[in-house]
Amino acid sequence: MTDIMASDKVVETVIVGNYVEMETEGKPKDVKTKLSKFFWHGGSAYDAWFSCASNQVAQVLLTLPYSFSQLGMLSGILFQLFYGLLGSWTAYLISVLYVEYRTRKEREKVDFRNHVIQWFEVLDGLLGKHWRNVGLAFNCTFLLFGSVIQLIACASNIYYINDNLDKRTWTYIFGACCATTVFIPSFHNYRIWSFLGLVMTTYTAWYLTIASLLHGQVEGVKHSGPSKLVLYFTGATNILYTFGGHAVTVEIMHAMWKPQKFKAIYLLATLYVLTLTLPSASAVYWAFGDLLLDHSNAFSLLPKSPFRDMAVILMLIHQFITFGFACTPLYFVWEKAIGMHECKSLCKRAAARLPVVVPIWFLAIIFPFFGPINSTVGSLLVSFTVYIIPALAHIFTFKSAAARENAVDRPPKFVGRWVGAYTINVFVVVWVFVVGFGFGGWASVTNFVRQIDTFGLFTKCYQCPPPLPPPPHLLNATAPPPLHHPGHHHSP
């Protein structure tokens with residue numbers, strides 16, 4: 001036992017050594033440096049917690065009531081708790097694999113001073129190039145669409161404050177604004193942003209909760225969910241997507257001074273996030289019931305007020321931050337691909353990163369389906385990127401007795417050591433593959449195609465008033481509205 005403790009200590013000093021050196025190399029300590037360090041250079045456990053918690057819920061807060069209307073109250077709450085735990089477990093696995101990879105490399109005297117370790121490199125170092133390629137493909141596609149979703153969400157939200165421009169024009173404008181994230185070098189530099197981000201989501205969640213409770217239930221409110229299998233699994237997959245925000249886990253860990261402290265951080269972040277998502281989604285669903293089935297953005301149902309405008313503006317700023325979170329790993333991959341990653345000049349790197357933003361902008365204009373796109377990304381990409389691949393990677397990395405013997409980090413006693421960890425991993429792989437990817441994929445793609453059929457690609461203004469005729473199952477719930485011709489649902 002003492003040997004293990006000693007080796008752990010060695011590992012810790014190696015890792016910390018690198019980081020401290022990296023920070024203090026020949027820098028004079030004046031006020032400006034101290035200020036910049038306070039706002040700009042974050043690497044503590046608290047920074048990582050803020051990054052995880054603020055990155056986990058952004059625009060998803062606004063689509064969770066929509067998921068509740070598809071799932072019903074009980075399933076909605078249970079799925080959140082279940083996927084919250086599942087997400088924390090796989091984030092723990094990613095952190096274990098990261099520390100394992102880093103320790104092995106540092107024993108070989110590899111220096112990571114100007115290099116940000118990413119998930120695909122961890123897979124490469126531990127399991128070889130085929131794993132790396134699969135991990136890279138899924139991770140990049142997921143982050144690409146994650147960024148697309150943030151852009152769509154910006155346009156969807158601002159429309160509730162200013163509807164003089166249609167949502168597509170807003171997407172052009174926000175695409176240009178988000179392109180400025182190319183100037184933020186790495187996750188160390190998100191210190192003040194992730195703190196503000198968390199304040200913003202907290203405000204929005206409690207605004208949704210309180211506003212819905214004060215508003216009270218709408219007349220003749222119905223809570224018919226779950227009514228259809230397609231909707232049920234679409235809702236479940238959106239929740240899978242909510243708690244699958246840890247595709248950037250490795251980069252956030254790499255930005256810490258002591259990465260091995262990361263293990264519990266994700267769980268603590270998830271617990272905090274649940275205090276935001278459960279009350280807000282339940283309250284909005286309680287107040288509006290089945291109306292949410294046609295309103296994937298919760299803001300659209302709440303009455304206009306200064307508080308709502310404040311929430312919309314805060315969410316916009318937060319989406320900008322989350323866009324940076326999702327895009328930064330893509331910038332790193334791109335820099336490594338063109339050989340600019342070790343470059344010291346910030347401006348050169350920023351210029352080299354710009355081509356990454358263009359496809360994101362383009363995709364956000366083609367598929368502006370805020371809500372359905374979350375579930376589609378959740379089932380086809382998140383399921384593999386952050387649930388199935390980490391669980392399989394953990395199983396294969398520690399397959400041999402020797403690997404388990406020399407593991408830097410062993411599974412804790414309360415999960416049942418190696419046997420327990422293995423069992424949980426197999427369960428995660430099977431469950432997410434069958435329910436998340438299988439049923440969820442079928443449901444969300446069906447739903448997504450329905451949006452394309454209804455609105456068309458490149459639609460100018462998605463879900464803008466005047467409303468479309470509601471689906472047949474809602475006609476009984478509300479007075480039949482005047483039917484509009486499908487060709488004329490764009491707002492003027």
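Treat the numbers as computed from the prediction; the structure is a model and nothing was measured. Just so it is clear, the values below take in all heavy atoms, side chains as well, and ignore hydrogens, waters and symmetry mates.
- At a cut-off of 3.5 Å, with distance as the only test, a side-chain donor of Ser44 or Asp47 sits close to an acceptor on the other residue.
- Ring pair Tyr83/Tyr387 is tilted by interplanar angle, where 30° to 60° counts as tilted.
- Looking at Ser379 and Ser444, their side chains do bring a donor and an acceptor atom within 3.5 Å of each other.
- For the residue pair Thr90 and Pro390, the shortest heavy atom distance occurs at O-CB, 4.4 Å.
- Counting only heavy atoms from C-beta outward, the side chains of Leu381 and Tyr241 never approach each other to under 4.5 Å.
- The aromatic rings of Phe439 and Phe233 sit parallel to each other, their planes meeting at less than 30°, with 60° as the upper class boundary.
- Side chain of His318 to backbone of Leu198: no donor-acceptor contact under 3.5 angstrom is found.
- Considering only heavy atoms from C-beta on, Met73 stays 4.5 Å or farther from His223 through its side chain.
- The aromatic rings of Tyr203 and Tyr207 lie parallel to each other, their planes meeting at an angle below 30°, with 60° marking the opposite boundary.
- Checking Ser75 against Tyr232 by side-chain atom types alone, a donor-acceptor pair falls below 3.5 Å.
- Side-chain contact check for Phe142 versus Val377: some heavy-atom pair is nearer than 4.5 Å.
- Side chain of Gln150 to main chain of Phe323: no donor-acceptor pair is present (N/O by atom type, distance under 3.5 Å, no hydrogens or angles).
- Minimum interatomic distance between Tyr285 and Leu292 (heavy atoms only, all atoms of both residues): CA-CD1, 3.7 Å.
- When every heavy atom of Ala298 is checked against every heavy atom of Val284, the shortest pair comes out as CB-CG1, 4.4 Å.
- Using the six-membered ring where Trp is involved, His215 and Phe288 have ring planes that are tilted, between 30° and 60° apart.
- For the residue pair Ser224/Asp290, the side-chain donor-acceptor check at 3.5 Å is satisfied.
- A pairwise comparison of heavy atoms in Leu240 and Gly436 identifies CD2-CA, 4.4 Å as the closest pair.
- A distance of 9.5 Å separates CG of Leu214 from CZ of Phe307, quoted to the nearest 0.5 Å.
- The 12-atom threshold is not exceeded at CH2 of Trp334, counting heavy atoms of other residues, nucleotides or ligands nearer than 6.0 Å.
- Under the rule for a salt bridge (Lys or Arg N to Asp or Glu O under 4.0 Å), the partners of Glu335 that lie at least two apart in sequence or sit in another chain are Arg349, Arg353.
- The closest side-chain heavy-atom distance from Leu61 to Ser280 is below 4.5 Å.
- A donor-acceptor pair is defined here as one N or O able to donate and one able to accept, closer than 3.5 Å; such a pair exists between the side chain of Gln217 and the backbone of Trp286.
- Applying the salt bridge (Lys or Arg N to Asp or Glu O under 4.0 Å) rule to Arg308 yields no partners; only residues at least two apart in sequence or on another chain are considered.
- A search for salt bridge (Lys or Arg N to Asp or Glu O under 4.0 Å) contacts involving Lys336 returns Glu121, not counting sequence neighbours.
- There is a side-chain donor-acceptor pair under 3.5 Å between Tyr331 and Thr181.
- Using a 4.5 Å heavy-atom threshold, the side chains of Phe262 and Cys52 count as touching.
- Checking Thr277 against Gln80 by side-chain atom types alone, a donor-acceptor pair falls below 3.5 Å.
- Looking only at side-chain heavy atoms (C-beta outward), Leu196 and Ile317 stay at 4.5 Å or farther from each other.
- Annotation for Trp206 and Thr275: closest pair CZ2-O, 3.6 Å, computed over non-hydrogen atoms.
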### Task
Begin from the C-alpha positions of Thr202 and Tyr272 and carry the test side-chain hydrogen bond (donor to acceptor under 3.5 Å, both in side chains) through to its verdict.
CA-CA 10 Å; Thr202 306; Tyr272 178 74; 2.8 Å; yes
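- Under the 4.5 Å side-chain criterion, counting only non-hydrogen atoms from C-beta, Phe437 is not in contact with Val432.
- When all heavy atoms of Asn297 and Ser300 are compared, the pair lying nearest together is O-OG, 2.6 Å.
- Residues Leu86 and Trp431 form a side-chain contact, since some pair of their non-hydrogen atoms from C-beta on lies under 4.5 Å apart.
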